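Notes follow the structure.
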Amino acid sequence: MRVWLACFLVLFALAELFDWLQKFNLPLPIYILGGAFLAVASNYDKVIGSYFADSSIEASLEQAQLDSLTSSTNPISFPIASSVEDAQISQTDD
């Protein structure tokens with residue numbers, strides 16, 4: 001019985017809150033300021049964090065990763081025919 005009563009009260013409160021929110025209106029500048037605040041808050045790490053981050057450390061880490069990738073892979077070379085006729089001759093020989 002307590003569960004039913006608690007569920008009824010919660011659903012009633014949500015219905016009344018939803019009804020009140022439908023009648024609630026804000027002026028357009030409040031929506032614009034709210035959107036700007038959300039944009040700044042969601043990109044805070046990208047904008048503000050880049051001013052305080054030490055870019056030389058990040059650059060050295062990226063260079064070290066690139067060096068390790070290039071030194072571990074062997075270069076692949078392909079023979080390039082000087083003309084179409086040479087390519088056709090080499091294909092017919094195979």
Side-chain angles (χ1 to χ4, degrees):
M1 179 70 178
R2 290 181 183 175
V3 174
W4 287 104
L5 184 61
C7 289
F8 174 76
L9 290 176
V10 167
L11 290 175
F12 181 76
L14 286 174
E16 289 297 319
L17 179 67
F18 181 72
D19 190 35
W20 178 75
L21 286 176
Q22 282 183 333
K23 296 176 186 174
F24 188 70
N25 288 329
L26 289 174
L28 183 61
I30 300 296
Y31 284 115
I32 294 171
L33 289 174
F37 173 75
L38 287 175
V40 169
S42 65
N43 294 316
Y44 180 77
D45 291 337
K46 295 177 186 174
V47 175
I48 303 300
S50 64
Y51 291 120
F52 298 116
D54 188 8
S55 61
S56 63
I57 294 172
E58 292 175 7
S60 65
L61 288 175
E62 289 176 5
Q63 185 63 32
Q65 289 175 350
L66 288 175
D67 290 341
S68 66
L69 289 176
T70 56
S71 64
S72 65
T73 59
N74 295 329
I76 301 173
S77 62
F78 295 104
I80 299 175
S82 60
S83 67
V84 175
E85 294 165 353
D86 293 341
Q88 290 174 349
I89 292 170
S90 66
Q91 285 179 355
T92 56
D93 290 340
D94 293 335

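Only a predicted model underlies this, so the values are computations on that prediction, with no experimental measurement involved.
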Test of understanding: with ring pair (Phe, Tyr, Trp, His ring centres under 6.0 Å), list the residues that count as partners of Trp20, not counting sequence neighbours. Phe24
Same cluster (ILVMFWY, side-chain, under 4.5 Å), Leu21 and Ile30: yes
Could you grab the distance from atom CG of Leu38 to atom CG of Leu33, nearest 0.5 Å is fine? 11.0 Å
For Lys23 and Asp19: C-alpha separation, side-chain torsions, deciding distance, then whether side-chain contact (heavy atoms from CB on, under 4.5 Å) applies. CA-CA 7 Å; Lys23 296 176 186 174; Asp19 190 35; 4.0 Å; yes
Hey, what do you get for CG (Leu17) to CD (Gln22), rounding to the nearest 0.5 Å? 10.5 Å
